[in-house]
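Reading through the structure tokens given below for one structure.
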Amino acid sequence: MKIRVNNTIDKNSLSFFVNDGQRPVAIHDSENNEIKLTGELAAEATTLTIRYKQAATIFLIGEQPASISLYYKNNDLNYGKPSNTLAVFDTIYNKYYRDIYRYRLPELQSYLNFWKGKDNDAFRNDSLFNINKRLVKNISLKALPILKKYSDKYYSFWFFYNQVTLPSLSILIHDTDYVRTLYNFLQKDLDKRFLKTEKGQMIASQLQGILHPATVMHAAPVLAIKDIYGNNISLNTTNKYLLLNFWASWCGPCIAEIPFYQSLQKEYPANKLDIVGINMDRNMSDCARTISEKNITWIQVFDQDRKIRDSYGINTLPTTVLIDDKGIIIYKSEGIDTSNIRALLNKKLL
């Protein structure tokens with residue numbers, strides 16, 4: 001991708017991130033006012049976030065050579081007409097987003113009017129919270145007809161997950177009809193090639209997990225995941241017991257439980273019990289800092305896409321899940337539950 005800048009931008013102060021801002025990109029070639037970014041895509045397309053000072057712009061890029069011209073004005077990062085790329089929230093050059101924006105403008109306006117003059121304390125009021133849920137649901141569902149209209153475009157697939165599914169599920173996860181609508185839309189209305197991708201399978205598994213969460217005395221979900229170091233691990237082991245601890249660094253009771261898990265590591269042999277922490281932090285840096293500060297040595301997974309959380313129907317932190325050596329969930333508890341967990345492990349392993 002070629003990026004041209006004018007004299008309003010110090011190109012050395014630009015930063016680039018792919019995969020929805022998760023992975024930084026190094027500049028491979030830079031001459032005069034032009035920057036070249038190269039690399040291979042793991043999927044049909046990915047997002048490229050360009051940041052400068054306090055401003056940022058997100059583009060969707062594919063395999064075709066792309067180019068954009070950037071300039072900085074009014075404390076914002078601006079651009080001319082892009083070539084072979086889409087600015088994801090652009091109503092001028094991106095016809096897909098323009099159609100979505102125009103079609104659901106009444107719902108967006110209702111949402112903005114509702115929040116005018118309110119702060120986050122409004123979420124503590126059940127009545128206001130329920131109104132907010134209804135407004136978010138209306139906005140999300142209003143996008144679906146436009147996404148269906150452009151069902152073969154990768155942008156629709158990207159928007160469906162990143163701007164409909166991901167943000168809305170945080171407050172609509174218990175609305176079964178809504179979740180089922182999203183699941184059916186993915187299965188029936190978007191191009192089938194998206195469902196076959198790793199991301200598509202992950203989204204389908206996430207939605208299905210919400211609709212049919214793993215329960216006690218049923219088989220643990222079969223999930224292909226990696227730990228924070230990139231090692232493949234299994235969460236449905238069939239040769240030893242597996243203790244899953246869902247936690248986050250901002251969760252006080254989770255931090256209070258850490259000495260308990262440290263003691264379990266010493267008490268039970270590694271050939272009988274694996275402990276796996278499923279971290280729910282918003283960013284990896286908070287997770288890594290806590291692991292280092294608290295000397296956490298058992299396996300850790302950063303559940304960035306909430307796939308594991310949703311598969312197990314986790315709504316409270318901390319939550320503990322015990323899976324036996326046949327891959328069956330035999331215990332699940334919310335909150336601090338050290339005495340019952342220890343008693344169960346003693347019964348099964350000693």
Side-chain angles (χ1 to χ4, degrees), residues 22-23 198 202 205-206 209 213-214 216 218-338 340-342 344-346 348-350:
Q22 298 298 324
R23 184 157 53 91
E198 181 179 350
M202 184 276 293
S205 176
Q206 179 181 4
V216 174
H218 287 78
V222 178
L223 300 172
I225 60 174
K226 296 180 182 293
D227 66 13
I228 58 174
Y229 303 109
N231 301 311
N232 293 319
I233 65 171
S234 171
L235 294 187
N236 63 318
T237 180
T238 57
N239 57 3
K240 63 172 73 173
Y241 279 70
L242 184 63
L243 191 63
L244 305 183
N245 170 231
F246 292 83
W247 71 285
S249 62
W250 47 262
C251 166
C254 300
I255 302 302
E257 272 193 327
I258 291 175
F260 169 68
Y261 286 98
Q262 290 171 330
S263 67
L264 293 184
Q265 260 196 319
K266 298 175 182 178
E267 293 175 27
Y268 302 99
N271 65 336
K272 289 187 176 181
L273 176 69
D274 272 339
I275 301 173
V276 178
I278 311 297
N279 180 265
M280 306 301 302
D281 278 311
R282 292 182 177 86
N283 58 72
M284 180 64 182
S285 59
D286 291 339
C287 170
R289 183 178 64 253
T290 304
I291 289 172
S292 175
E293 291 177 352
K294 300 298 182 179
N295 192 29
I296 297 175
T297 57
W298 51 94
I299 299 169
Q300 293 294 323
V301 175
F302 181 55
D303 195 20
Q304 175 182 324
D305 294 316
R306 303 189 294 201
K307 175 172 67 174
I308 307 172
R309 184 202 74 171
D310 291 337
S311 294
Y312 281 86
I314 304 301
N315 299 308
T316 302
L317 296 182
T319 291
T320 304
V321 176
L322 182 61
I323 302 170
D324 71 8
D325 53 0
K326 296 179 178 60
I328 303 299
I329 299 171
I330 61 172
Y331 189 74
K332 180 179 178 181
S333 66
E334 297 179 347
I336 296 178
D337 190 26
T338 56
N340 287 330
I341 294 169
R342 189 185 298 276
L344 186 58
L345 290 174
N346 286 340
K348 298 292 184 180
L349 302 180
L350 297 181

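FYI, side chains are in, hydrogens and waters are out, and symmetry mates aren't considered; it's all heavy atoms of this structure.
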Review point. Which value, rounded to the nearest 0.5 Å, describes the distance between I233 atom CD1 and I299 atom CD1?
Key: 5.5 Å
Review point. What heavy-atom pair brings I329 and P221 nearest, and what distance separates the two atoms?
Key: CD1-CD, 4.4 Å
Exercise for review: May I ask you to decide if K307's main-chain N or O and S311's side chain share a donor-acceptor pair within less than 3.5 Å?
Suggested key: yes
Study note, to complete from the structure: Paired with S249, the side chain to side chain donor-acceptor pair (under 3.5 Å) test is passed by just one of D281, N279, D286, namely D281
**Study point:** N245, V301, I314 screened by side chain to side chain contact (heavy atoms under 4.5 Å, CB included) with I278, the one that passes
**Key:** V301
Point to revise | I255 versus A248, closest heavy-atom pair with distance | key: CD1-O, 4.2 Å
Check your understanding: Can you name the one residue among Q300, E257, M280 that meets side chain to side chain contact (heavy atoms under 4.5 Å, CB included) with W247?
Key -> Q300
Practice item. Keeping the roles fixed (side chain from D227, backbone from N231), state whether a donor-acceptor pair exists under 3.5 Å. Key: yes
Exercise for review: Could you tell me whether the side chains of D274 and Y268 share a donor-acceptor contact shorter than 3.5 Å?
Suggested key: no
Check your understanding: Roughly how far, to the nearest 0.5 Å, is NZ of K240 from CG of D325?
Key -> 11.0 Å
Point to revise | Qualifying residues under side chain to side chain contact (heavy atoms under 4.5 Å, CB included), relative to Q262, sequence neighbours excluded | key: I258, P259, N295, W298
Check your understanding: Is the closest side-chain heavy-atom distance between V321 and K332 below 4.5 Å?
Key -> yes
Check your understanding: About how many Å separate CG of L322 and NZ of K348, when rounded to the nearest 0.5 Å?
Key -> 8.5 Å
Review point. Under 4.5 Å between any side-chain heavy atoms of Y261 and L243, yes or no?
Key: yes
Point to revise | Minimum heavy-atom distance between Y312 and L235, given as atom pair plus value | key: OH-O, 3.7 Å
Check your understanding: Quick one: does D337's side chain get under 4.5 Å of T320's, heavy atoms only?
Key -> no
Review point. What pairs with E267 under salt bridge (Lys or Arg N to Asp or Glu O under 4.0 Å), at least two apart in sequence or on another chain?
Key: R342
Review point. Atom CD1 of I308 and atom CZ of F246: how far apart are they, to the nearest 0.5 Å?
Key: 6.5 Å
Exercise for review: Give a yes or no on whether the backbone of Q206 and the side-chain of D310 come within a donor-acceptor separation of less than 3.5 Å.
Suggested key: no
Check your understanding: What are the two closest non-hydrogen atoms of M284 and F302, and how far apart are they?
Key -> N-CZ, 3.4 Å
Point to revise | Nearest-0.5 Å distance that lies between atom CG in L349 and atom CG in D324 | key: 10.5 Å
**Study point:** disulfide (SG to SG under 2.5 Å) pairs, two or more places apart, involving residues 253-289
**Key:** C251-C254
Review point. Is I341 close to F260 at the side-chain level, that is, under 4.5 Å between some pair of heavy atoms?
Key: yes
Practice item. Output yes when a side-chain donor or acceptor of N340 lies under 3.5 Å from a complementary backbone atom of L344, and no otherwise. Key: no
Point to revise | Euclidean distance, R306 CZ relative to M202 CE, rounded to 0.5 Å | key: 10.0 Å
